[in-house]
Amino acid sequence: MALSPLNQRRWRNFKRNRRAYWSLIIFSVAFFISLFAEVIANDKPILVSYRGEIFAPVAKFYPETAFGGDFKTEADYKDPVVQCLIATGGVEGCFDEPEEIIDAVAAGTYAEDGFEKGWALWPLIPYSFDTPVNQPGAAPLPPSSHNWLGTDDRKRDVVARVIYGFRLSILFTLIVTTLASVIGIIAGAIQGYFGGWIDLIFQRVIEIWSSTPSLYIIIILFAILGRSFWLLVFLTVLFGWTALVGVVRAEFLRARNLEYVRAAKALGVSNRVIMFRHMLPNAMVATVTMLPFIVTGTISTLAGLDFLGFGLPSTAPSLGELTLQAKQNLQAPWLAFTAFFTFAIMLSLLVFIFEGVRDAFDPRKTFS
């Protein structure tokens, strides 16, 4: 789909802002990679070859019996018995001396009738966000070749938790920002366009709603209903939609008496078309200016709630929970450095991107 001449000019202006353009590339690559977190960091193989068949454990449940085991529960692919069964096609000796057979298969000295060597393709990081690391030493473990950024106080790999936590934070922010912006833009447009009693009543409602102690309500509802991702999204949108109302309302109040709006009304153009086709594009500069604050504020809200223990469920990968662990384990500085640099890089990239978007929408901005 071809862009309009106006949007082509905006895209050219955005590309000329090198800091914003490269920030967008870096952030997009990082977010795209995090979408495949299960393939990058997982305690299950990506693919398994067993007796000539291909299995995909990262995408599907397979019981141990599928690989010649005894249990119908999900196979523990790090168990030496399961690894031996996969490597040998399910020979009986795996239950007695699995490690010796695995070593023999790896050395090419194993031979038995009907033997068909299998294999398992493991992710780059063989741990999921909640996988306990089986390494000697007291948690949290320092960075090593097995755990590049060490482990937390529950012996979970920090790199895996950062990858999953980054994806969760960005998805949460995108959902909340989109929903809150749509509601706020519609509310502000109605206020500014119609004015009068509608504007007056809306303003009083927003003043009361904005003064509501949202943090306390979130904590109370979580205590009653339990913590969940979608409940947190709903509550964050519920108290965050007012952020854009003021700037959109001001732009519509300024534009509603301009000549092009009066001309459209005289021609019989509907209010909806005037508001969202003709007036809203002129209000986008002020709207986009506020978006960096909404995005960074949403990320900070999620991290703050997780830090206080009132955010996502304790089983979820959370950057805020990583920050809490850094506070509680001052003897493990790698946790603090990881949390700091993750938030600093993520928020800086987002601010640079939206700064470029804001300047691209501003007709007064030009780049050499």
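- Residue R272 places its CZ atom among 12 or fewer non-hydrogen atoms of other residues, nucleotides or ligands, all under 6.0 Å distant.
- You'll find the side chain of L291 stays beyond 4.5 Å of the side chain of V357, heavy atoms only.
- Within the 4.5 Å cutoff, the side chain of I190 has heavy atoms near those of the I198 side chain.
- Atom CH2 of W22 has 12 or fewer heavy atoms from other residues, nucleotides or ligands within 6.0 Å.
- A 4.5 Å side-chain heavy-atom check between Q8 and W11 finds every atom pair outside the cut-off.
- V205 and V237 fall into different hydrophobic clusters, defined by Ile, Leu, Val, Met, Phe, Trp and Tyr side-chain heavy atoms under 4.5 Å apart, directly or through other members.
- Y164 pairs with exactly one of Y127, F129, F36 by the ring-ring contact (aromatic ring centres under 6.0 Å, His included) rule, that one being F129.
- Side chain of K78 to main chain of P126: a donor-acceptor pair is present (N/O by atom type, distance under 3.5 Å, no hydrogens or angles).
- Scanning both residues, F307 and K327, for their nearest heavy atoms gives CZ-CD, 3.4 Å.
- The distance between the ring centers of Y50 and F67 falls below 6.0 angstrom.
- Aromatic rings of Y62 and F55 (six-membered ring for Trp) have centroids within the 6.0 Å cut-off, being under it.
- Inter-residue side-chain proximity for M275 and R256 is flagged as unmet; no heavy-atom pair is nearer than 4.5 Å.
- The minimum heavy-atom distance between T323 and A339, with the atom names listed, is OG1-CB, 3.7 Å.
- The closest donor-acceptor contact from the side chain of S318 to the backbone of G320 lies under 3.5 Å.
- We find that R262 and E259 are not joined by a salt bridge, their nearest charged nitrogen and carboxylate oxygen being 4.0 Å or further apart.
- Side-chain contact check for T65 versus D70: every heavy-atom pair is 4.5 Å or farther apart.
- Looking at every heavy atom in both residues, S169 comes nearest to L319 through OG-CD1, 3.7 Å.
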Yes or no on side-chain hydrogen bond (donor to acceptor under 3.5 Å, both in side chains) for D43 and Y77, after CA distance, side-chain angles and deciding distance? CA-CA 8 Å; D43 56 356; Y77 298 95; over 6 Å; no
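- Within a 6.0 Å sphere centred on CG of N134, heavy atoms belonging to other residues, nucleotides or ligands number 12 at most.
- V351 and I170 are assigned to two separate hydrophobic clusters, defined by single-linkage of ILVMFWY side chains at heavy-atom distances under 4.5 Å.
- When atom types are taken as modelled, the side chain of S228 and the backbone of L231 share a donor-acceptor pair closer than 3.5 angstrom.
- Side chain of N329 to backbone of L335: no donor-acceptor contact under 3.5 angstrom is found.
- In the hydrophobic clustering of this structure, V295 does not group with F352; members are Ile, Leu, Val, Met, Phe, Trp, Tyr whose side-chain heavy atoms approach within less than 4.5 Å, directly or through other members.
- In this structure, R249 pairs ionically with D199, as a charged nitrogen and a carboxylate oxygen lie closer than 4.0 Å.
- Taking the six-membered ring where the residue is Trp, the centroids of W209 and F239 are separated by under 6.0 Å.
- In this structure a side-chain-to-backbone donor-acceptor pair under 3.5 Å is missing from R154 to T131.
- Heavy atoms from other residues, nucleotides or ligands lying under 6.0 Å from OH of Y216 number 12 at most.
- Proximity of F166 to M346: side-chain heavy atoms (C-beta onward) are separated by under 4.5 Å at one or more points.
- Side-chain contact of E321 with Q325: a donor-acceptor pair under 3.5 Å is present, judged by distance alone.
- For Y260, the OH atom counts as densely surrounded, since its 6.0 Å shell holds more than 12 non-hydrogen atoms of other residues, nucleotides or ligands.
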Worked check of side chain to side chain contact (heavy atoms under 4.5 Å, CB included) between I353 and F27: CA-CA 9 Å; I353 291 169; F27 181 82; 3.8 Å; yes
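- Taking the six-membered ring where the residue is Trp, F341 and F337 present parallel rings, their angle staying beneath 30° rather than reaching 60°.
- T151 contributes no side-chain N or O that, together with a main-chain N or O of N147, makes up a donor-acceptor pair within less than 3.5 Å.
- Placement of I208 and I201 in two distinct hydrophobic clusters is found when ILVMFWY residues are connected by side-chain heavy-atom separations under 4.5 Å, directly or transitively.
- You'll find the side chain of V48 stays beyond 4.5 Å of the side chain of I54, heavy atoms only.
- The hydrophobic clustering, which links ILVMFWY residues whose side-chain heavy atoms are closer than 4.5 Å, places L179 and V245 together.
- At least one side-chain heavy atom of L235 sits less than 4.5 Å from a side-chain heavy atom of F222.
- In plain terms, the two heavy atoms of I175 and W230 that are nearest each other are CD1-CH2, 3.8 Å.
- Scanning all heavy atoms of the two residues, the minimum distance from P123 to P45 falls at CD-CA, 4.2 Å.
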Could you walk me through whether H278 and V261 satisfy the side chain to side chain contact (heavy atoms under 4.5 Å, CB included) test, starting with their C-alpha distance in whole Å, then the side-chain angles of each, then the deciding distance to 0.1 Å, before giving a yes or no? CA-CA 8 Å; H278 301 294; V261 176; over 6 Å; no
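- Annotation: cation-pi geometry satisfied between K265 and Y193 (NZ/CZ under 6.0 angstrom from ring centroid, within 45° of ring axis).
- Of the charged side-chain nitrogens involved, none lies within less than 4.0 Å of a carboxylate oxygen, so that E74 and K60 do not count as a salt-bridged pair.
- Summarising the geometry of V58 relative to K44, their closest heavy-atom pair is CG1-O, 3.7 Å, with the distance given to 0.1 Å.
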